[in-house]
Every structure is written in C-alpha cells, then in structure tokens.
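Some notes on the structure that comes next.
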Protein chains: 2
Amino acid sequence: MNLDTRHSWTDVRDKIRARILDRTYAPGDKLPRDEDIAREFGCARTTVHRAMQDLSLAGLVERKRKGGTHVRADPVTRATFDIPITRREVEQKGAKYNYQLISREIEQSPIAIMARFGIQSAVEMLHVKALHLADNCPYIFEDRWIDIQSMPEVLDVDLTGQSANEWLVHNKPYSRVEVSFSAMNAEGENAQHLSAPVGSALFVIERTTWIGTAPITTVQAAAAPGYRLTARN
Amino acid sequence: MNLDTRHSWTDVRDKIRARILDRTYAPGDKLPRDEDIAREFGCARTTVHRAMQDLSLAGLVERKRKGGTHVRADPVTRATFDIPITRREVEQKGAKYNYQLISREIEQSPIAIMARFGIQSAVEMLHVKALHLADNCPYIFEDRWIDIQSMPEVLDVDLTGQSANEWLVHNKPYSRVEVSFSAMNAEGENAQHLSAPVGSALFVIERTTWIGTAPITTVQAAAAPGYRLTARN
DNA sequence: CAGTGGTCTAGACCACCAC
DNA sequence: TGGTGGTCTAGACCACTGA
C-alpha cells in the first residue's frame, strides 16, 4: 500500500484529541460514527476504533453501543500508580534495603479485617507486623493479615529473612486487588517503629488481595513522614 | 462461522492468566509466540494480541518485539484512580455541594511553584484559595496557582460563584497532567478553613497541568480528616 | 428493532531489537 | 539480520441499548 494512504491509529487519535482540545468537539458533544471518521481520514474502521479505545481509556470520551461516542462533559483526571514491592521501591531510589520482622502471631480475624475481605465469620489468620528500611532509616511499617486456610504453607515460611510482602508476591499471585490511600496521625507502634514524632502525618496504603473469592492478604502500610506517591506520566 | 470455533479475546486472556497464576508460565518465563498460542487455541493471531495487550496493561506480562512475551518477574500492583472535579465528587456521594472563595491575588510565582511547572523565571500568576464543602462541612481546601500569560481571560472570571477548578475543567483542557499524593499535618489556613484540629493528618492531592509545554494550573488540595481515595475496580 | 460500537478473521507489511 | 510483536485492511457478524 502507498505510504501516503497509510494511517496510524496514533495519528487518528491525535487529530481527534486536538479537535476535542480546541472544542471542535465540545464537552458533551456527540462525535461522528467511527465509520464516518474512518471515511474522512481514509482509513479502516478498525484503525479509528483503536484510536477511540485509547481516548476512552484516557477518560476523554465515552463510548456506548448505539449511543455513539461522546466527549465527556465532566472530564476526570485519571492517574495510574505502580505499587511495587517495597524492596524494589527502595532499591530503585538507590538506597540500601533492610527489613525487620516485628511480630508474628496467629489470631482470630477482627471485624475490621473481615470487612476488608468481605467475609462473614472470623477465621484464624497470620498477623504479621514488619518494618522496611531504606539506608537504615525506617521507611514503611506494615501491619498485615494473611489467610491461613487457603495457604497453610505460609506458616512454614521464615519471615525473619524475607518479608511476607516478597514471599506472597513471588508465591501467591492474586486475581483481584483493592487499593486505597489515606492519611493518619502517627501513634503507638507506627510512631515508635517509624521513629516519627507522635502526631506526624503518615501516608497510608491499604491493599487487599484475593484469588478468586478466597482472601489472600490485606495490609496497611504506613510510610514515614515525607513519603510521596507520583503517578506514571 | 461455527460458534464452537469462535473465541473471544477475554477467553484467551483468562486462560493465559490462569497459566500464569498456576505457574505453568512462571515469573520470568518466556511465553510462546502469539502465533503459536493462536494455533493452540484455534483463533486468529489478532485475538491473541488483544488478550496480551490487556495482560500487558495490567502489568502481568512484558512484551518486546523480537524479545517475545515474558511473565513479569517482579509484579507490580497497578491501580488507577479517577479524580473528578470536586463538585461532582461531592454530589456523587449524595451530599450538597458548596463553595467559598477565600482569597484571590495576583502574585509573582514563588520558587516552589516554578519548580512544579518546570519553568525557570518567575511570572505573574493568579493565586486562588478556596474551600469546597459537602453538606456544609469543610471538605477540601485548595491552594491554586493559575498561569495568566497563556490565559489572561481567567482574570475576568467571577470566582465567587464558580470554582476555578470547575471553570478550568470546562474551559481549559490540558494535554499533560502530573498527579501526586502525600500526607501533611493541618496547620494555619488548612486547619482553620477545614475546621480541623491543628496537627490532624490531611490527605493531599497535588495536580499540575500543561497545554503543550505551557503551564495552566497547579493546585494543592488538602482534604478534611477521614478522606480516603479508592482505586477503580 | 435498528443503529452503533465491539469483536473476529485472514492476510499483509512494518518496526524494532536481541541474537 | 531475522524473528517477534505491532499495525493496518476489508469484510463479516455480534451484542448492547437508545430511539
């Protein structure tokens, strides 16, 4: 095929996006059908579809069968965060990683933990507290609950040399994850282990994972003061 | 075509994912070529490609031309957040939205703001502070800087009835955005306007936007204590 | 129920980059 | 430089859903 008649989906995407930015297609407007856009640009409908898929993922347009494609009236900022295992996060900053196991107990799951997993009755879980250090400074204190029923083998893992974080990631892939961020004041264990003044504002990451509908683990990770999370691009 | 021979890319994706989860394909392993997988499943290569695209976006595999497809050795948790305009966020919670303009000044951009935009020399900007309320309770206090040079018309906007947040979103689409999250202790204006005790942990969202390379706005939004952000899905 | 986006196929060529 | 994923086409049918 002649180069002059080849079109890349990124070109189409950029042209459509430009029209949205300069309000040729204003917020709330309905865009032409994919087929019409394809004809205008002289490309295949699949190419337009690929472009629209990207704009849709980015939150710029909304697409519905029969309803057509609309410019989102209330654009949202969509940000994606990569949350690596802590060791890797520390090492990528060029710091030396260390890890300390604080406690390890088998306990009945409290209500709050059951709620996170969405289970109705209490079960025995492995309750692990640990500290991650960067260049020997406290970095993240984690308070983790691990389901025993679905993986009794975790009871045999030596968690003094390897964090539960790491063991789980390499041995227990999940099929569903829920992540949320919040802020809390340092107190008690958090303050103590993070060497943070009582009352300091801590950034908190909560992550719960399942394999199918079976709980795997839920962790509340409190970062030392000054922690900041930045979106990819 | 016979239904028995039709295959959906989600089926292919789920089967591949299952093999990754059960370690048929272990972390670091190289997967077969798309074409071989297509032959195995009896579908077109494009269908496999679509499935792989999804797994790749999810962070489960990495794909490289010539290099092939590999299961990621260090899986990351990837979470996407929608950050709507505050009015919409409040209304979606079923609460009544209100807004108060606190201050509006034209000032030289301080160093910290120049750094956020990545510009070298100070310029005059519009500095706006405002409070968003949900059911008449302080919800988010925002401290915003708006570039005047690229949009002098913002000087004529009445910001007492409509938040800068909203005006910008509906009138100044951006082409690049940077988002970061952190935590800080309430003090001074933040504490006062959010009616939060001095020292409370506040969740902070920083967002900076550009159109091309031209700065548009940067905002530091501090949420009232108890705020929590949860990922889509 | 009909219009629109979503998917699938088969085949071709392209572009990157590991070998 | 050859192998692999990435893209594009043309055409067909499907599936959701709004008019």
Side-chain angles (χ1 to χ4, degrees), chain A residues 1-17 19-20 25-74 78 233, chain B residues 1-17 19-20 25 27-73 232-233:
Chain A
M1 173 137 340
N2 188 318
L3 274 182
D4 292 343
T5 65
R6 305 293 320 284
H7 297 85
S8 74
W9 68 267
T10 51
D11 287 349
V12 175
R13 177 200 59 192
D14 292 346
K15 283 174 184 164
I16 300 288
R17 178 164 49 201
R19 289 185 187 176
I20 293 174
Y25 303 140
D29 278 6
K30 181 176 185 173
L31 272 62
R33 303 151 47 210
D34 287 5
E35 194 177 336
D36 290 341
I37 294 182
R39 189 171 307 125
E40 179 194 342
F41 288 138
C43 65
R45 183 163 79 87
T46 6
T47 305
V48 175
H49 181 267
R50 181 69 184 82
M52 289 299 191
Q53 182 189 10
D54 199 60
L55 293 173
S56 176
L57 262 179
L60 256 185
V61 302
E62 270 183 330
R63 283 161 74 74
K64 280 183 197 165
R65 286 166 153 131
K66 165 82 177 184
T69 304
H70 286 81
V71 180
R72 285 188 73 131
D74 278 303
R78 191 162 287 174
N233 297 342
Chain B
M1 173 139 336
N2 188 317
L3 273 182
D4 292 341
T5 66
R6 303 295 319 284
H7 298 87
S8 74
W9 67 267
T10 51
D11 287 348
V12 175
R13 177 201 59 192
D14 292 346
K15 283 173 183 163
I16 300 289
R17 179 163 49 201
R19 290 185 186 177
I20 293 174
Y25 303 139
D29 278 6
K30 181 175 185 173
L31 272 62
R33 304 151 47 212
D34 287 6
E35 194 176 336
D36 289 341
I37 294 182
R39 188 170 306 125
E40 179 193 344
F41 288 137
C43 65
R45 183 163 77 88
T46 2
T47 304
V48 175
H49 182 267
R50 182 70 185 83
M52 290 297 191
Q53 182 189 9
D54 199 60
L55 294 172
S56 176
L57 262 181
L60 256 184
V61 303
E62 271 183 330
R63 283 161 73 75
K64 280 183 196 165
R65 284 166 153 129
K66 166 78 177 185
T69 304
H70 290 259
V71 180
R72 284 188 73 132
R232 308 164 35 91
N233 297 340

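Keep in mind the model is a prediction, meaning the values are calculated, not measured. All chains are named by letter (A, B, ...) in the order of the sequence lines, taking the proteins before the strands, and each is independently numbered beginning at 1.
- Listed for the A:Arg78 side chain is a donor-acceptor partner under 3.5 Å among the backbone atoms of A:Leu57.
- Atoms CD (B:Glu35) and C1' (D:dG6) sit 14 Å apart, rounded to a whole Å.
- Results of the side-chain hydrogen bond (donor to acceptor under 3.5 Å, both in side chains) test with B:Asp34 over B:Arg63, B:Arg39, B:Arg45 single out B:Arg63 as the only residue that passes.
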Discussion item. Pair A:Val12, A:Lys15 - check side chain to side chain contact (heavy atoms under 4.5 Å, CB included), show working.
Written reply: CA-CA 5 Å; A:Val12 175; A:Lys15 283 174 184 164; 5.9 Å; no
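- Here the closest non-hydrogen pair linking A:Leu31 and A:His70 is CD1-C, 4.5 Å.
- In this model, the phosphate group of D:dG6 is approached by a side-chain N or O of B:Arg63 to a distance below 4.0 Å at OP1 or OP2.
- In this structure, C:dC19 forms no base pair with any nucleotide, since neither Watson-Crick nor G-U wobble geometry is met with both distances under 3.5 Å.
- Within residues 44-57 of chain A, the residues approaching DNA chain C are A:Arg45, A:Thr46, A:His49, by heavy-atom distance under 4.0 Å.
- One atom, CG of B:Asp34, and another, C1' of D:dG3, lie 12 Å apart when rounded to the nearest Å.
- When rounded to the nearest whole Å, the span between CD1 of B:Ile37 and P of D:dT4 equals 12 Å.
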Discussion item. Working note: B:Ile16 + B:Phe41, criterion side chain to side chain contact (heavy atoms under 4.5 Å, CB included); need CA distance, chi angles, decisive distance, verdict.
Written reply: CA-CA 11 Å; B:Ile16 300 289; B:Phe41 288 137; 4.0 Å; yes
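- For the pair B:Phe41 CZ and C:dC8 C1', the computed distance is 16 Å after rounding to whole Å.
- Look at NZ on B:Lys64: it is 25 Å from P on C:dC14, rounded to the nearest Å.
- Considering every non-hydrogen atom in both B:Val61 and B:Met52, the closest pair reads CG2-O, 4.3 Å.
- When all heavy atoms of A:Ala51 and A:Trp9 are compared, the pair lying nearest together is CB-O, 3.5 Å.
- In this entry the distance linking CD of B:Glu62 with P of D:dG6 reads 12 Å, nearest Å.
- An OP1 or OP2 oxygen of D:dT4 is reached within less than 4.0 angstrom by a side-chain nitrogen or oxygen of B:Arg33.
- The distance from atom NZ of A:Lys66 to atom C1' of C:dG3 is 4 Å, rounded to the nearest whole Å.
- Close to D:dG5, at under 4.0 Å from its OP1 or OP2, lies a side-chain N or O of B:Thr69.
- DNA chain D is contacted by both A:Arg65 and A:Trp9; A:Trp9 maps to the nucleotide lying nearer its 5′ end (nearest heavy atom per residue).
- Put simply, CZ on B:Arg39 is 12 Å from P on D:dT4, counting in whole angstrom units.
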